[in-house]
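A short write-up of the structure that comes next.
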Amino acid sequence: MKILAIETSCDETSAAVVSKNSRQDHVKVLSNVISSSLVFHSKTGGIIPDVAAREQLKYIIPVIQQAIENSKSRIEDLDAIAVTQGPGLIGSLLIGVEAAKTLSYLWKKPIIPVNHLFGHIYANFVDPKNKIGFPALALLVSGGHTDLVLVKSHDNFKWLGGTRDDAAGEAYDKIGRLLNLPYPAGPAIENLAKKGDEKAFNFPRPMIGSKDFDFSFSGLKAAVWRETKKIGRLDDKTIADISTCVQKSIIEVLVRKTIKAAKETKAKSILLGGGVAANQKLRDEIRLQIKNSKLKISFFFPEKILCTDNAAMIGAYAAFHPEKKLWSEVYANPELYFQ
Ligand code: KG4
Ligand code: ZN
């Protein structure tokens with residue numbers, strides 16, 4: 001089956017065409033076009049929902065057109081239109097959902113509504129080399145979410161825990177703001193962290209020893225805030241030192257909880273997903289801890305362009321779960337969670 005997928009949950013406008021036959025254990029990405037309005041938000045230090053929605057509106061049709069053209073598909077070849085239903089910013093979501101509904105009505109194709117969070121997990125199912133064994137433990141780390149999810153099979157997901165306040169990406173971004181770094185600060189902090197001294201600050205590792213699989217990052221942000229107030233003017237060395245120590249705290253917590261969950265659930269695979277999954281240090285640390293713990297677990301992560309928001313991952317989830325709906329049955333739902 002061939003699917004046109006649309007993703008507009010936040011500041012990326014993306015469309016992709018993917019295909020899969022029933023015997024395949026992965027999805028083939030025929031095109032994946034992403035237009036980001038990030039440049040506007042980096043100036044304002046965060047996403048202004050209204051600006052994001054207006055930019056979505058500008059790009060949605062050209063991006064869809066380009067995705068179909070790049071995939072060398074004809075409209076007649078498409079079996080369905082997948083679209084991100086939520087969670088996300090309502091203004092942004094509505095652009096994608098209403099575009100999908102209009103095309104569904106015009107082209108007489110069903111819609112497959114997709115939960116954005118499941119999409120991030122399914123970014124791991126586009127590489128034919130990935131032989132993902134179940135149960136798989138997914139660590140979803142993005143700007144809005146930090147969740148551990150047990151994927152027992154394609155049809156059986158169990159949410160194990162998540163953040164009680166800030167998400168991991170949000171911690172990177174908010175701390176980046178304290179350090180005067182451009183939004184989103186994840187990639188900048190990752191780079192600066194290579195140069196800093198990891199013993200310069202001892203920031204907290206919130207909830208690292210808790211019995212559950214929950215996370216909390218707001219205390220870390222508060223600790224950095226207190227430190228920056230104490231220091232006053234931040235020079236380049238201090239910014240690099242803080243970046244190194246902040247990243248160390250965030251990654252230590254993420255890795256410790258992920259390995260603990262993998263052991264307890266007897267997971268055969270660990271899957272990474274979401275924007276923070278682009279972080280090389282996080283990938284290296286998980287790999288190292290799997291090795292040190294002598295666990296027989298395969299580790300998978302998407303290529304970087306598929307970690308941050310994109311439509312290919314939405315198409316991937318839809319291809320494994322082709323639950324087709326009429327255009328009149330589909331609505332944007334900004335509050336959608338794991339359900
Ligand atoms: O998945 P995503 O594109 O959007 C959401 O669904 O939230 O994730 C964006 C988040 C931002 O918070 C950004 O700072 C973070 O991912 N991020 C990173 C890296 N690249 C993006 N965090 C740490 N290291 C990176 N290399
Ligand atoms: Zn996302």
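Keep in mind it's a predicted model, so treat the numbers as computed, not measured. Whatever order the structure lists ligands and atoms in, that order sets their numbers, starting from 1.
With hydrogens and angles left out, the side-chain atoms of Ser31 and Asn70 include no donor and acceptor closer than 3.5 Å. Glu198 and Thr244 share no donor-acceptor pair across their side chains, judged by distance under 3.5 Å alone.
Less than 4.0 angstrom separates some heavy atom of Gly144 from each of these atoms of ligand 1: 7 (O). Here is the list of ligand 1 atoms found below 4.0 Å of a heavy atom in His120: 1 (O), 6 (O). Every atom of ligand 1 is numbered from 1 in the order shown, and the set under 4.0 Å from a heavy atom of Pro184 is 13 (C), 14 (O). Remark: ligand 1 atoms within the under-4.0 Å shell around heavy atoms of His116 are 6 (O). Counting the atoms of ligand 1 from 1 in the order shown, those under 4.0 Å from a heavy atom of Gly169 are 12 (O). Taking every heavy atom of Thr308 and a limit of under 4.0 angstrom, the matching atoms of ligand 1 come to 3 (O).
With a 4.5 Å cut-off between side-chain heavy atoms of Ile, Leu, Val, Met, Phe, Trp and Tyr, the cluster of Leu93 takes in none. Here Leu103 sits in one hydrophobic cluster together with Leu4, Ile6, Val17, Leu30, Leu57, Ile60, Ile61, Ile64, Ile68, Ile75, Leu78, Ile81, Val83, Ile95, Val97, Tyr105, Leu106, Trp107, Ile111, Trp327, Val330; the rule is ILVMFWY side chains under 4.5 Å apart, joined directly or through other members.
Looking only at heavy atoms of the protein, atom 26 (N) of ligand 1 is closest to Glu190 OE1, 2.8 Å. Protein heavy atom closest to atom 11 (C) of ligand 1, with residue, atom name and distance, is Asp173 OD2, 3.4 Å. At the top of the distance list for atom 3 (O) of ligand 1, counting protein heavy atoms only, stands Asp309 N, 3.2 Å. Remark: minimum distance from atom 9 (C) of ligand 1 to any protein heavy atom is reached at Gly143 N, 3.8 Å. Ranking protein heavy atoms by distance to atom 24 (N) of ligand 1, first place goes to Asn279 ND2, 3.0 Å. Nearest non-hydrogen protein atom to atom 22 (N) of ligand 1 is Gly186 CA, 3.4 Å. Regarding atom 1 (O) of ligand 1, its nearest protein heavy-atom neighbour is Gly275 N, 3.0 Å.
Taking 4.0 Å as the cut-off between side-chain N and carboxylate O, Asp241 and Lys237 count as a salt-bridged pair.
Protein N/O/S atoms closer to the Zn ion (ligand 2) than 2.8 Å number 3 in this structure.
Contact of the Met207 side chain with the Arg164 side chain is registered, since non-hydrogen atoms from C-beta on lie closer than 4.5 Å. Two residues are said to be in side-chain contact when any heavy atoms from C-beta on lie closer than 4.5 Å; Asn130 and Phe125 fail this criterion.
Note that Lys101 lies in the cation-pi zone of Tyr331, set by a 6.0 Å cut-off to the ring centre and a 45° limit from the axis.
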Taking distance alone, no hydrogens or angles, what donor-acceptor pairs closer than 3.5 Å link side-chain atoms of residues 309-323 to residues at least two apart or in another chain?
residue	atom	partner	partner atom	Å
Asp309	OD1	His116	NE2	3.1
Asp309	OD1	His120	NE2	3.1
Asn310	OD1	Ala312	N	3.1
Asn310	OD1	Met313	N	2.9
Asn310	ND2	Leu306	O	3.2
Asn310	ND2	Thr308	O	2.9
His321	ND1	Tyr317	O	2.9
His321	NE2	His154	O	2.5

> Are Arg287 and Asp284 close enough, and set up right, to give a salt bridge (Lys or Arg N to Asp or Glu O under 4.0 Å), and what steps lead you there?
Replying inline: CA-CA 5 Å; Arg287 194 182 287 114; Asp284 293 346; 3.7 Å; yes
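Scanning all heavy atoms of the two residues, the minimum distance from Ser14 to Ile34 falls at OG-CG1, 3.5 Å. Closest of all the heavy-atom pairs between Cys307 and Ala278 is SG-N, 3.7 Å.
Partner Asn279 forms a side chain to side chain donor-acceptor pair (under 3.5 Å) with one of Lys304, Gln247, Glu285 and no other, that one being Gln247.
Residue contact annotation: Pro187 has a non-hydrogen atom under 4.0 Å from ligand 1.
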